[in-house]
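The sequence lines fix the lettering, A, B, ..., with proteins before strands; numbering per chain opens at 1.
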There are 2 protein chains.
Amino acid sequence: MSSDVEADRGEPAGPGASGRRPLSRELIIETAIDFVDRHGLTALTMRRLGKQLGVEAMSLYRYVNGREDLLEGIVDRMVAELQLHRDHENPDATIGWQAYLQWLAHAVRGLAREHPNLFPLIATRHPAAPWLRPPLRSLRVVEDFFDTLISRGFSDTRVVLAYRSFSSFLLGYLLLEASVLGARSSPPEEPLDEGDSHVPNADQNLDLAPFPHVRRLEEQLSEDHAGAEFEQALEDLLDRLDRFITE
Amino acid sequence: MSSDVEADRGEPAGPGASGRRPLSRELIIETAIDFVDRHGLTALTMRRLGKQLGVEAMSLYRYVNGREDLLEGIVDRMVAELQLHRDHENPDATIGWQAYLQWLAHAVRGLAREHPNLFPLIATRHPAAPWLRPPLRSLRVVEDFFDTLISRGFSDTRVVLAYRSFSSFLLGYLLLEASVLGARSSPPEEPLDEGDSHVPNADQNLDLAPFPHVRRLEEQLSEDHAGAEFEQALEDLLDRLDRFITE
DNA sequence: ACCTGAACACCGTTCAAGT
DNA sequence: ACCTGAACACCGTTCAAGT
């Protein structure tokens, strides 16, 4: 009744309420993901998450080993979705490595676009081992990556190089794309406004006068070609890997 | 005398102490950068920063408009260093655009390697305008980028494409490189250990048995070729841009 | 077995009050 | 003009106590 963050699922659901799933690690993580999708990462606290579940914050500690463990669980759950898509949509083992990397790239991009507020978490949290590279930070996914490329002719050396450049490519393009999507969704978190003149479009109160090129190109810069650029860069990367393998 | 984070500059420096710079936004930001370099981003709180400066936390609010504004100031200060290097080391206006992008790429990489704990901040904070792309998120730097490339023959359309692919490239490669460097420096922040068997190298307690390729390649994966890979990917990107401009 | 009340240490932030 | 004490609302987390 104080913050505006709760109001979604108001009633803590009295004992007789029908569809109340019992508390579990799964349910907690799913609820947290949904919560971050709607309110942004900084809004996620143990106490608010408890309220969302109709329970006190302390109850969560039975299923989740502290806040850091919760974030870890969220990230694991997200990348596990990749594996699910792999099994369900893509049972065909006969496709080439290029088609596989195309599929994988689009699957990760789908994740980033569906959960722009969570992608920075996937991108910046230290993975379980230092040689795991976000966003391809799950052992199962990486094993699958290696297996697929090796069975299509990559040497050990090449597949490691491919893993490195592919993860860097995904991270750079998708983190920037997610950031733009997340900017609208994720709430202010802005430096306290100190009573400046209230321009409606506060975002554009930059003085571009000293930067003529930027000023002239602002419109072009604002155009969204994320999809086409991603495809183009992906193709170029695949060509690069192809030169690898044949040289 | 409780946490182990203070002990660096123990004496709050009595009034007679010699070199005590007066409090200012500059000093606060510099101290914060140094603090994060040593203790990691999550350790930075207004109260601890105050202590580091020999002052109560509330005093900081005279110079800094809240914590978010402090982080903003840190990021601005960091990217401003790029401009400094540009003016000091690189007065030669006759170099080609490729040499300029080489210089810029290495300057940003230098930032990432000197401040691995701060680079994620530069990478993931929403910039002042949605069309600014980290890590090239300063208007002065972007204007310089545009000016240099345009005066070397880039069209408006090409320079915008170049800005997009160049920033994605820097972000992907450098965020991953900084993450590895930061993993050692930045303190635990790990999910509370629940009394598992205490392996000395807790990092390697992953069970790699189900992932034979990963297991076999672990050593190769752990090798550090960040420098060479960065140079290679940079060259490939420059070639790609070259094809742009001449086609 | 599962949840909670009360407590603790620590946050960011405000503001009247001190010098 | 500059700093601080005290206070407020909010955190994460623990643990004995309730059912």
Side-chain angles (χ1 to χ4, degrees), chain A residues 1-6 12-17 20-28 31-32 35-36 39-74 187-195, chain B residues 1-6 12-17 20-28 31-32 35-36 39-74 187-195:
Chain A
M1 44 178 75
S2 52
S3 104
D4 57 359
V5 140
E6 34 190 322
R20 200 45 196 303
R21 285 168 68 188
L23 216 49
S24 70
R25 184 171 231 267
E26 281 303 304
L27 178 62
I28 290 173
T31 308
F35 188 92
V36 174
H39 306 297
L41 194 54
T42 55
L44 180 70
T45 70
M46 301 298 278
R47 289 171 129 105
R48 289 210 265 245
L49 182 55
K51 186 165 291 183
Q52 186 81 199
L53 285 158
V55 102
E56 299 298 316
M58 314 88 191
S59 310
L60 305 177
Y61 286 80
R62 289 232 155 241
Y63 307 93
V64 142
N65 214 348
R67 183 173 201 265
E68 289 303 315
D69 183 48
L70 171 62
L71 297 180
E72 217 64 59
I74 291 175
E189 183 189 349
E190 306 195 355
L192 323 173
D193 221 20
E194 46 182 13
Chain B
M1 46 175 74
S2 54
S3 107
D4 56 359
V5 140
E6 33 189 322
R20 200 48 194 306
R21 285 168 68 187
L23 216 48
S24 69
R25 185 171 229 266
E26 282 302 304
L27 178 62
I28 290 173
T31 309
F35 188 92
V36 174
H39 305 297
L41 194 54
T42 55
L44 180 70
T45 69
M46 300 299 279
R47 290 171 129 105
R48 288 210 266 246
L49 182 55
K51 187 167 289 183
Q52 186 81 198
L53 284 158
V55 101
E56 298 298 316
M58 314 89 191
S59 311
L60 305 177
Y61 286 80
R62 290 234 153 241
Y63 308 94
V64 145
N65 214 349
R67 184 173 199 267
E68 289 303 315
D69 182 49
L70 171 62
L71 297 180
E72 218 64 60
I74 291 176
E189 182 188 350
E190 305 194 357
L192 323 173
D193 222 18
E194 49 181 11

Engineer: Give the rounded distance in Å between these two atoms: CG of A:Asp69 and P of D:dT13.
Structural biologist: 10 Å
Engineer: For nucleotides 2-4 of chain D, list the nitrogen or oxygen atoms of the protein found under 3.5 Å from its nitrogen or oxygen atoms, one pair per line.
Structural biologist:
unit_1 : atom_1 : unit_2  : atom_2 : d
D:dC3  : OP2    : B:Tyr63 : OH     : 2.7
D:dC3  : N4     : B:Arg62 : NH2    : 3.1
D:dT4  : OP2    : B:Glu56 : N      : 2.9
D:dT4  : OP2    : B:Ser59 : OG     : 2.8

Engineer: Between atom CD in B:Glu68 and atom C1' in C:dC11, what is the gap in whole Å?
Structural biologist: 14 Å
Engineer: Rounded to the nearest Å, what distance is computed from the CZ atom of residue B:Arg48 to the P atom of nucleotide C:dA9?
Structural biologist: 16 Å
Engineer: Go through the structure and list residues passing salt bridge (charged side-chain N to carboxylate O under 4.0 Å, His left out) with B:Arg25, not counting sequence neighbours.
Structural biologist: B:Asp69
Engineer: If I take atom CG in residue B:Leu70 and atom C1' in nucleotide C:dT13, what distance separates them, rounded to the nearest angstrom?
Structural biologist: 14 Å
Engineer: Out of curiosity, B:Arg67 CZ to B:Leu44 CG, how far, rounded to the nearest 0.5 Å?
Structural biologist: 5.5 Å
Engineer: Within the structure provided, determine whether A:Leu60 and A:Leu70 are in side-chain contact (heavy-atom separation under 4.5 Å).
Structural biologist: no
Engineer: Suppose we screen for side chain to side chain contact (heavy atoms under 4.5 Å, CB included). Which residues come up paired with A:Arg62, at least two apart in sequence or across chains?
Structural biologist: none
Engineer: Given C:dG12, D:dT14, D:dC11, identify the nucleotide with an atom nearest to the side chain of A:Tyr61.
Structural biologist: D:dT14
Engineer: So, OP1 or OP2 of C:dT13: does either fall under 4.0 Å of a side-chain N or O from B:Arg47?
Structural biologist: no
Engineer: Looking only at atom types and distance, does a side-chain atom of A:Arg48 sit under 3.5 Å from a main-chain N or O of A:Ala43, one as donor and one as acceptor?
Structural biologist: yes
Engineer: What stems show up for DNA chain D when you take Watson-Crick pairs (N1-N3 plus N6-O4 or O6-N4) and G-U wobbles (N1-O2, O6-N3), both under 3.5 Å, and require three or more consecutive pairs?
Structural biologist: C:4-8 with D:12-16, C:12-16 with D:4-8
Engineer: How would you list, by chain and number, every residue that makes a side chain to side chain contact (heavy atoms under 4.5 Å, CB included) with A:Ser59, sequence neighbours excluded?
Structural biologist: A:Leu23, A:Val55, A:Glu56
Engineer: Taking atom OH of A:Tyr61 and atom CD1 of A:Ile28, what is their separation to the nearest 0.5 Å?
Structural biologist: 11.0 Å
